[in-house]
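Report on the structure given below.
Heads up: numbering here begins at 1 and tracks the sequence. These values consider heavy atoms only, across backbone and side chains, with no hydrogens, waters or symmetry-generated copies.
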Amino acid sequence: MLILSAFALPKFQHRPFMVLIQPTNDNGLGSESAGNVLQVWSVTTERFVRRLGIVSEEVMQKLLAVLIICIDYSPEATTD
């Protein structure tokens with residue numbers, strides 16, 4: 001389970017590591033927010049009591065794309 005912190009906009013709208021997330025019935029957000037890929041946490045699912053919402057596949061793909069850019073990931077890179 002990955003957790004991304006979400007912040008209200010427009011304060012963070014010009015930050016390339018932030019991904020806009022519009023409120024929907026599925027994600028449970030009450031206002032426009034942004035996922036910050038510089039604050040990704042890995043936590044055990046046992047810590048969760050109930051699900052508040054879920055982001056769409058489209059938002060997850062955008063978050064992944066921004067994260068890949070931020071960490072300069074290249075699948076062709078080798079470690080020697």
*Examine distances only and state if a side-chain atom of Thr44 and a backbone atom of Arg47 form a donor-acceptor pair shorter than 3.5 Å.*
no
_I need the Ile54 CD1 to Thr24 OG1 distance, nearest 0.5 Å._
10.0 Å
*Side-chain heavy atoms of Ile69 within contact of Phe17, under 4.5 Å*: no
_If I take atom CG from residue Asp26 and atom CZ from residue Arg51, how far apart are they, to the nearest 0.5 angstrom?_
10.0 Å
*State whether the side chain of Ser33 and the backbone N or O of Ser31 hold a donor-acceptor pair below 3.5 Å, judged by distance alone.*
yes
_Distance check, rounded to the nearest 0.5 Å: Leu67 atom CG versus Lys62 atom NZ?_
16.0 Å
*Is there a side-chain contact between Ile21 and Glu32, using heavy atoms and a 4.5 Å cut-off?*
no
